[in-house]
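As structure tokens, the structure follows; a few thoughts come after it.
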Amino acid sequence: MNKQRKLQGRQPTKAETAAILANDARADGRFIYAVSSTGIFCHPSCPSRPPKPENIRIYPDADAAAADGLLACKRCRPDQPGHDKRLLRARALIDARIDAGEAPPSLAELGKAAHASPSHLQRRFAAAFGLSPKAYAEARRLQTLKRELKGGADVAQAIYGAGFGATSRVYEKSDKLLGMTPADYKRGGEGLTLTYSLKAWPLKPSLGRVLLARSPRGLAALLLGANDAAMLAELHSEFPAATLLRDDAANDAALAAMTALLHGRALPKNLPLDLRGTPFQIRVWQALQAIPHGETRSYAQIAAMLGMPRASRAVGSACANNILGLLVPCHRALRSDGSLGGYRWGLDRKQAILDMETEAA
């Protein structure tokens, strides 16, 4: 597209720009944004590379953007009916209740808001957003709880502010929700000890370095990078107040497991993994572990494996949030056209890993 072509879309407000740069799903359905330099239009939550603010144009809906000669993004597919207004009303009702610190609406209430039977809404909501209404509400409450705790709120205040009815319920589920108690999370993981090791990449040192970190529950991180300082900074960003102890001999079993995977052997059953994520993310990570060595799956195929064929975008987001490289093999997830898609640690490294697995197979 000619970059000088004048588009009909308007300039974004500060709030709209912030939502786009943050990939805020709550803005979906409120507007569509286009990038003047590429001629592509997207949902605000699209995980594509953030555009320059000066290149953003805002449209009320996909039809208006298409009428201006723009093309729909192939990642978030804003031209498809996955985000119809009834589902957006239901999701907006959940957001409003959580933002107000109230309990999420019942399935019957959501069905009434969306003019659909509860069972029909349940199926459509999960297909469109990758989570059931209940799981979505839980994820939003968890997001609010984390934000409140990081912002300095009192633990009890943060729990009630996130719409949880009782502190006991959160503490009962804290290991699943946060990987630690709310009080520990408020302190950025203070009280959690991670023993980490820094190693050269096995079999192919030209790929850089590996950082392995173990918590009392199991291996919590396997990071890939070119230098130790960058990987330590990445680990610190995930566990900002945890105690980090270096012991380069402590994680030899995990390094051996990584080497075994590259040789085409199975992950040892006696190596526990400390997976920390939402229930949906953990389901995606477990699905990745089920992909046979030397094979790949598209994001759409993984979504179908989970019984959520419309959730390929959410699958891609879960892959991007994986911090257990190789052992949770997000490198085996590709786009539907066979291209690499994204990778937290660089596409060159992703291609090299796939090549090594193919050779071993």
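A donor and an acceptor atom, one from each side chain of Asn55 and Tyr33, are nowhere located under 3.5 Å apart. No hydrogens or angles considered: nothing links the side chains of Thr195 and Asp247 as a donor-acceptor pair under 3.5 Å.
Applying the side-chain hydrogen bond (donor to acceptor under 3.5 Å, both in side chains) test to pairs two or more places apart or on separate chains, those with a residue in residues 332-341 are Arg332-Glu357, Asp337-Ser339. Residues in residues 328-347 take part in these ring-ring contact (aromatic ring centres under 6.0 Å, His included) pairs, two or more places apart or across chains: Tyr343-Trp345. Residues in residues 315-327 take part in no side-chain hydrogen bond (donor to acceptor under 3.5 Å, both in side chains) pair, two or more places apart or across chains.
In this structure, Trp285 contributes its side chain and Ala318 its backbone to a donor-acceptor pair below 3.5 Å. No donor-acceptor distance shorter than 3.5 angstrom exists from the side chain of Asn251 to the backbone of Ala254, with no hydrogens or angles considered. A side-chain donor-acceptor contact under 3.5 Å links Glu109 to the backbone of Ser106. Side-chain N or O atoms of Arg89 include one that pairs as donor or acceptor with a backbone N or O of Ala113 at under 3.5 Å. Between the side chain of Arg344 and the main chain of Ile323, no donor-acceptor pair closer than 3.5 Å is present. Judged purely by atom type and a 3.5 angstrom limit, Tyr59 uses its side chain to pair as donor or acceptor with the backbone of Gly9. Put simply, the side chain of Asp248 never gets that close to the backbone of Ser197: no donor and acceptor are under 3.5 Å apart.
Checked against Leu194 for a side chain to side chain contact (heavy atoms under 4.5 Å, CB included), the options Thr243, Asp274, Leu244 give a single hit: Leu244.
Rounding to the nearest 0.5 Å places CG of Leu93 at 11.0 Å from NZ of Lys112. Rounding to the nearest 0.5 Å gives a distance of 8.0 Å between CE of Met231 and CG of Leu224. Atom CZ of residue Arg214 and atom CG of residue Leu219 lie 8.5 Å apart, to the nearest 0.5 angstrom. The SG atom of Cys330 sits 9.5 Å away from the CD1 atom of Ile302 when rounded to the nearest 0.5 Å. Of the inter-residue distances, the one linking Gln281 atom CD with Gln286 atom CD reads 12.0 Å to the nearest 0.5 angstrom. Separating the CD atom in Glu16 from the CZ atom in Phe31 is a distance of 5.0 Å, to the nearest 0.5 Å.
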Can I get a per-line list of side-chain donor-acceptor pairs under 3.5 Å for residues 201-208, giving both atom names and the distance, sequence neighbours left out?
none

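Partners of Lys199 under the salt bridge (charged side-chain N to carboxylate O under 4.0 Å, His left out) rule, at least two apart in sequence or in another chain, are Asp252. Scored by the side chain to side chain donor-acceptor pair (under 3.5 Å) test, Asp348 finds no partners at all (sequence neighbours excluded).
Closest non-hydrogen pair, Met258 versus Leu326, comes out as CE-CD1, 3.1 Å. Of all the heavy atoms in Cys319 and Val284, the pair that sits closest is SG-CG1, 4.4 Å. When all heavy atoms are compared, the tightest approach of Thr296 to Gln301 is O-OE1, 4.5 Å. The heavy-atom pair separating Ala213 from Leu235 by the smallest distance is CB-CD1, 4.0 Å. Nearest heavy-atom pair, Leu110 versus Ile94, reported as atom, atom and distance to 0.1 Å: CD2-CG1, 3.7 Å.
Contact annotation: the side chain of Cys73 approaches that of Pro78 to within less than 4.5 Å [non-hydrogen atoms, C-beta and beyond]. At a threshold of 4.5 Å between non-hydrogen side-chain atoms, the residues Leu223 and Leu324 do not count as touching. Counting only heavy atoms from C-beta outward, the side chains of Asn227 and Arg209 never approach each other to under 4.5 Å. By the 4.5 Å heavy-atom criterion applied to side chains, Leu222 and Val210 are counted as neighbours.
At a threshold of 4.0 Å, the pair Glu295-Arg297 counts as salt-bridged, since one of the basic side-chain nitrogens sits closer than that to a carboxylate oxygen.
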